[in-house]
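Worksheet: one structure, shown below.
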Number of protein chains: 2
Amino acid sequence: MAVLSDNIESFLISLLQEEENPVILVQRNELASYFRCAPSQINYVLSTRFTLERGYTVESRRGGGGYIRIVKMDLDKNSYLRYLLEEGIGDAMSQDDAITALVRLYESGSISQEQYTLCSSLVTDKTLGVPAPIKDRVRANLMRQMAAVFLRGGSTTANANTNDTFANKK
Amino acid sequence: MAVLSDNIESFLISLLQEEENPVILVQRNELASYFRCAPSQINYVLSTRFTLERGYTVESRRGGGGYIRIVKMDLDKNSYLRYLLEEGIGDAMSQDDAITALVRLYESGSISQEQYTLCSSLVTDKTLGVPAPIKDRVRANLMRQMAAVFLRGGSTTANANTNDTFANKK
DNA sequence: TTTATAATGGTTAAAGAAAGTCAAAGGAGG
DNA sequence: CCTCCTTTGACTTTCTTTAACCATTATAAA
């Protein structure tokens, strides 16, 4: 029962598979007109299928020369990282749970000591400094993003393109 | 999807890199006709890309023999970090300002590319995922903490301490 | 010396070119 | 029929490009 969203999803996945590095740049309107659908359909597909939990990072830029960039992470790299991403981080996370996870990542060699030092200091209640219910949500979001970056690893740094790495960073 | 402004930016950057001293003199009209665009396009590029925040100084002079001079400031290693910590981060910070600061830290050699990649992804609106007023406060807190860790970890790559890193983790 | 003119660069508002958000309508399965 | 997932369309936000008009400086003419 392949429905439109599924088609768009597999189309993007196949584009990714054709790449040497798992990174693609697409244009929302172009894609939408290729599939004859509303442009916002693309956003729907991105937000339901190309999520961090499923191992994707999506960045974009508006205005003239705008684009959408999708990066696929290397999911079978490390099982604890993978677990974290896929199920270990929910909507909210306590400081203790976050630190425990980071310690485990460090001890299993998934992250360096510098990474541990930085990340663990970022997810403390003290650093976040916002009221309780929100704090835990932000922390979960941070942890998820950290896990994604660690999974993506050093080599395939998303912008392995040209030399003007920061030309259009935002 | 590099667009006109991006091309002009990287052209100017490459001119700068060719120089022994990081200073170039260009003429607005000449540049504009080289890129076949409106002269004011040059001003747009200058004001969006060659800003003080990004470490550039732009001076100019009108009339016959007029010119535009672009100087890349000498980014000495930790002074920007100190500035950030002491005054550069207020109660709130936008995504743009945070990314710009991180780029500058990277370019001045204060942080590694991995650190840049991780941190810049953590301070995005998308990652934080909370409503507007709070977002900017959390971001400021994160940036301050990052700056503190980087300054402490300083030149000799941080690991000068012992093995009791995890003694009082929680 | 004063004045006009040509040669520069600056500013700003409007149009153009993407992408994002959100709520409402549509459908398919239980 | 109820719920959840999908699809659409109207509206918003962000970034870029252009064009018309403004300001300054050097130089040649008076």
Side-chain angles (χ1 to χ4, degrees), chain A residues 1-12 24-51 53-54 56-71 164 166-170, chain B residues 1-12 24-51 53-54 56-71 94-100 124-132 135-136:
Chain A
M1 221 45 68
V3 79
L4 180 52
S5 288
D6 297 331
N7 291 334
I8 298 175
E9 177 187 13
S10 39
F11 178 75
L12 291 175
I24 55 173
L25 279 183
V26 297
Q27 295 210 260
R28 191 178 79 148
N29 291 336
E30 198 182 313
L31 241 191
S33 77
Y34 179 75
F35 282 100
R36 284 140 200 261
C37 63
S40 56
Q41 179 77 35
I42 306 304
N43 297 86
Y44 176 71
V45 173
L46 292 174
S47 63
T48 55
R49 271 103 164 143
F50 292 83
T51 62
E53 281 88 347
R54 296 199 187 184
Y56 297 95
T57 299
V58 177
E59 304 157 78
S60 65
R61 180 181 171 187
R62 303 190 190 188
Y67 58 80
I68 295 176
R69 166 199 265 144
I70 306 174
V71 184
D164 59 350
F166 301 108
N168 35 21
K169 62 196 169 55
K170 300 177 200 166
Chain B
M1 319 259 151
V3 77
L4 180 54
S5 289
D6 297 331
N7 292 333
I8 297 175
E9 177 188 13
S10 38
F11 178 75
L12 291 174
I24 55 175
L25 280 182
V26 296
Q27 296 209 268
R28 191 178 80 148
N29 291 335
E30 196 183 317
L31 241 191
S33 77
Y34 179 75
F35 281 99
R36 284 143 198 252
C37 63
S40 56
Q41 179 78 37
I42 306 305
N43 297 86
Y44 175 71
V45 173
L46 292 175
S47 64
T48 56
R49 271 104 162 141
F50 292 84
T51 63
E53 296 303 309
R54 295 194 184 187
Y56 295 94
T57 300
V58 176
E59 303 155 77
S60 64
R61 190 170 169 197
R62 305 185 188 192
Y67 58 82
I68 295 176
R69 164 199 262 140
I70 305 175
V71 183
S94 73
Q95 168 175 320
D96 272 15
D97 289 350
I99 300 284
T100 301
T124 60
D125 289 350
K126 208 172 147 193
T127 294
L128 298 178
V130 284
K135 214 170 38 182
D136 292 346

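Because the structure is a prediction, the values reported are computed rather than measured. A note on names: the letters A, B, ... follow the listed sequences, proteins ahead of strands, and every chain is numbered from 1.
Comparing atom distances between the B:L4 side chain and each of D:dT7, D:dT17, C:dA19 picks out D:dT17 as nearest.
Comparing B:G65 and B:R36 against DNA chain D, the residue whose closest nucleotide sits nearer the 5' end is B:R36. Between A:I68 and A:G64, the residue anchored closer to the 5' end of DNA chain C is A:G64, taking for each the nucleotide with the nearest heavy atom.
A straight line from CD of B:E9 to P of D:dC15 spans 14 Å, rounded to a whole angstrom. Protein atom CZ of B:R28 is 6 Å distant from nucleotide atom C1' of C:dG10, rounded to whole Å. Put simply, CG on B:D125 is 14 Å from P on D:dT13, counting in whole angstrom units. Atom CG of B:N43 and atom C1' of D:dT16 are 14 Å apart (whole Å). Spacing between atom OH of B:Y67 and atom C1' of C:dA7 amounts to 15 Å, rounded to whole angstrom units. Taking atom CD1 of B:I42 as the reference point, atom P of D:dT16 lies 14 Å away to the nearest angstrom. Rounded to a whole Å, the CD atom of A:Q41 is 14 Å from the C1' atom of C:dA25. One atom, CZ of B:R62, and another, C1' of C:dA6, lie 16 Å apart when rounded to the nearest Å.
An OP1 or OP2 oxygen of C:dA18 is reached within less than 4.0 angstrom by no side-chain nitrogen or oxygen of A:N29. Residue B:S40 has no polar side-chain atom (N or O) positioned under 4.0 Å from OP1 or OP2 of C:dG10. Side-chain N/O atoms of A:R61 include none lying less than 4.0 angstrom from OP1 or OP2 on C:dA17. The side chain of B:Q27 places an N or O atom within less than 4.0 Å of a non-bridging phosphate oxygen (OP1 or OP2) of C:dG9. Under 4.0 angstrom from either OP1 or OP2 of D:dT16 there lies at least one side-chain N or O belonging to B:R49. Close to C:dG20, at under 4.0 Å from its OP1 or OP2, lies a side-chain N or O of A:S60. Close to D:dT16, at under 4.0 Å from its OP1 or OP2, lies a side-chain N or O of B:Y44.
A:L4 has its side chain within reach of A:Q41: a pair of non-hydrogen atoms, C-beta onward, lies under 4.5 Å apart. For the pair A:V58 and B:K126, the minimum side-chain heavy-atom distance is below 4.5 Å. Contact check for A:Y67 versus A:V26: no side-chain heavy atoms found under the 4.5 Å cut-off.
Under the 3.5 Å distance criterion, the side-chain polar atoms of B:S47 are matched with a main-chain donor or acceptor of B:Y44.
B:G66 comes within 4.0 angstrom of the backbone, heavy atoms only, and of no base.
The two atoms that bring B:I24 and B:L12 nearest to each other are CD1-O, 3.8 Å, heavy atoms only.
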